[in-house]
Protein chains: 2
Amino acid sequence: MDLETVKSKLHAMNFRLTQERELVLRTLMESGEMFTAMQLYDRVKEQYNKVGLTTVYRLFEVLTKLRLVTPFLIDGEIYYTFCQGGHHHHFVCLDCHRVKNIYGCEMDTRDFADLGKVEYHRMDLFGHCENCQGSVQPC
Amino acid sequence: MDLETVKSKLHAMNFRLTQERELVLRTLMESGEMFTAMQLYDRVKEQYNKVGLTTVYRLFEVLTKLRLVTPFLIDGEIYYTFCQGGHHHHFVCLDCHRVKNIYGCEMDTRDFADLGKVEYHRMDLFGHCENCQGSVQPC
DNA sequence: AGCTTATAGAAAATGTTTTTCTATAAGGCG
DNA sequence: CGCCTTATAGAAAAACATTTTCTATAAGCT
């Protein structure tokens with residue numbers, strides 16, 4: 001998904017794509033990584049030396065509403081990764097925190113109708129990506 | 001899993017099963033629900049009027065180390081549910097926060113070897129359980 | 001029973017997230 | 001293009017969640 005698509009989704013909900021949000025969004029989308037609010041703030045800061053922490057928190061809030069971001073809980077910390085459209089699962093590298101999307105979910109939630117009415121599901125794999133395997137220093 | 005089994009697992013790691021921990025653990029295990037630290041503290045308090053919040057936090061910490069508890073991130077809040085032994089997936093009721101375990105995972109992580117080395121995975125279904133469907137007031 | 005040491009719990013400290021407030025700029029409209 | 005309305009930025013404060021500290025207690029081994 002490109003920035004323009006995100007922009008139109010924001011506009012559709014009466015949110016604005018400010019210069020600050022664009023910088024943060026770019027950093028998030030281009031990285032392929034997941035970040036805590038503080039980590040993304042630091043990353044943007046070192047690249048552009050702009051944008052406040054509050055702005056990052058508020059962008060996560062907005063993107064969560066639009067389901068453009070997926071949260072992960074790892075070691076008690078909340079990470080967010082940019083969420084390409086369409087249902088998919090995730091492979092998360094525990095070293096570099098890069099996220100790969102896995103498409104082609106074959107699950108039929110009707111198989112679980114005896115448990116209740118399934119609204120949604122998620123599946124996440126955790127491990128070490130090709131780049132990080134065997135390397136002393138994760139990429 | 002019963003309390004005695006948990007007790008022995010605690011002892012094996014040189015942790016003690018105090019009266020306070022036993023009350024909290026009982027409440028957690030018997031409920032089948034997931035709780036935030038504060039919620040479990042409140043529940044134990046109203047039942048027994050004992051046990052401090054710090055104790056609940058510390059018990060979650062210990063149980064997490066022993067992998068006897070699984071954390072969930074829902075609406076920015078961290079919930080914990082007691083974790084029966086053995087690999088399984090979850091069905092979480094978004095209304096009453098009861099958790100049902102789903103055994104019989106057929107996934108072969110080798111199918112994803114091209115993504116990296118998979119250490120573990122989890123799958124969670126979210127929806128409305130039989131009891132909560134259609135009821136005005138969730139059970 | 002006595003001894004060692006993990007734990008309880010209150011209080012303080014820490015860290016994270018949200019709110020408040022004012023200036024600014026996004027973007028719609030004429 | 002310039003004006004107008006209103007969402008947003010960001011600093012500071014507040015609120016909230018979690019961890020640490022410290023001392024008394026009790027778990028559980030010998």
Side-chain angles (χ1 to χ4, degrees), chain A residues 3-4 6-28 34-66 68-69 71-80, chain B residues 3-4 6-28 34-66 68-69 71-80:
Chain A
L3 207 61
E4 282 307 306
V6 177
K7 187 171 181 173
S8 64
K9 282 179 188 279
L10 284 168
H11 283 174
M13 295 283 280
N14 206 28
F15 294 120
R16 292 176 184 174
L17 185 57
T18 62
Q19 295 180 337
E20 290 81 2
R21 284 184 176 175
E22 186 168 332
L23 291 184
V24 180
L25 205 43
R26 259 217 166 72
T27 307
L28 179 65
M34 59 185 189
F35 297 90
T36 64
M38 188 61 85
Q39 286 173 344
L40 185 51
Y41 166 74
D42 285 338
R43 180 73 64 94
V44 172
K45 193 177 174 186
E46 78 186 20
Q47 279 188 16
Y48 305 104
N49 201 28
K50 287 184 72 171
V51 185
L53 180 56
T54 313
T55 298
V56 176
Y57 274 106
R58 280 191 282 229
L59 183 61
F60 277 155
E61 189 187 346
V62 167
L63 294 177
T64 299
K65 273 188 189 137
L66 296 174
L68 286 173
V69 113
F72 288 84
L73 180 63
I74 299 180
D75 289 333
E77 302 250 55
I78 302 177
Y79 293 82
Y80 294 88
Chain B
L3 207 61
E4 281 309 305
V6 176
K7 187 171 181 173
S8 65
K9 281 179 187 279
L10 284 168
H11 283 173
M13 294 284 279
N14 205 28
F15 294 119
R16 292 176 184 174
L17 184 57
T18 61
Q19 295 181 339
E20 290 82 2
R21 284 185 176 174
E22 186 168 331
L23 290 184
V24 180
L25 205 43
R26 257 213 167 75
T27 307
L28 178 65
M34 60 185 186
F35 297 91
T36 63
M38 189 60 85
Q39 287 173 345
L40 185 51
Y41 166 73
D42 286 338
R43 180 73 64 93
V44 172
K45 193 178 175 186
E46 78 187 20
Q47 279 188 17
Y48 306 103
N49 201 30
K50 286 184 72 172
V51 184
L53 181 56
T54 312
T55 298
V56 176
Y57 274 107
R58 279 191 282 229
L59 182 61
F60 276 157
E61 188 188 348
V62 167
L63 294 177
T64 298
K65 272 188 190 136
L66 295 174
L68 285 174
V69 113
F72 288 85
L73 181 63
I74 299 181
D75 290 332
E77 302 250 56
I78 302 177
Y79 293 81
Y80 293 88

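Chain letters run A, B, ... following the sequence lines, proteins first, then strands; residues in each count from 1.
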Nearest whole Å is fine: how far is [N] [atom2] from [X] [atom1]?
X	N	atom1	atom2	answer
A:D75	D:dT18	CG	P	15 Å
B:R21	D:dG28	CZ	P	10 Å
B:R16	D:dA26	CZ	P	12 Å
B:M38	D:dA15	CE	P	16 Å
B:I78	D:dA17	CD1	C1'	9 Å
B:E77	D:dC16	CD	P	12 Å
B:L10	D:dC29	CG	P	13 Å
B:L23	D:dA27	CG	P	12 Å

Q: Check A:Y41 against A:V51 and note the closest heavy-atom contact, atom names and distance.
A: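 So the two residues come closest at CE1-O, 3.3 Å.
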Q | Nearest heavy atoms of A:P71 and B:L73, plus distance in Å | A |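 Where A:P71 meets B:L73 most closely, the heavy atoms are CB-CD2, 3.7 Å.
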Q | Earlier contact from the 5' end, DNA chain D, for A:T18 and B:H11 | A |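 With B:H11 and A:T18 compared, the 5'-side residue is A:T18.
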Q. How do B:E61 and B:L17 order along DNA chain D: which one's closest nucleotide is nearer the 5' end?
A.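 Final value for this comparison: B:E61.
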Q. Can you tell if the side chain of A:L28 reaches within under 4.5 Å of the side chain of A:V69, non-hydrogen atoms only?
A.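 When only atoms from C-beta onward are counted, A:V69 and A:L28 do touch, with a gap below 4.5 Å.
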Q: Hey, could you give me the CD/CD distance between A:Q39 and A:E77, rounded to the nearest 0.5 Å?
A: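 If I round to the nearest 0.5 Å, the distance is 7.0 Å.
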Q.
Can you tell me how far apart CZ (A:R26) and CD (A:E22) are? Round to the nearest 0.5 Å.
A.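 With rounding to 0.5 Å, CZ (A:R26) is 4.5 Å from CD (A:E22).
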Q: Could you tell me from which nucleotide to which nucleotide of DNA chain C, 5' to 3', there is an atom under 4.0 Å from chain A heavy atoms?
A: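 Range of nucleotides touched by chain A: C:dT16 to C:dG27.
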**Q.** Partners passing ring pair (Phe, Tyr, Trp, His ring centres under 6.0 Å) against B:Y79 (at least two apart in sequence or in another chain)
**A.**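 So B:Y79 forms a ring pair (Phe, Tyr, Trp, His ring centres under 6.0 Å) with B:H97.
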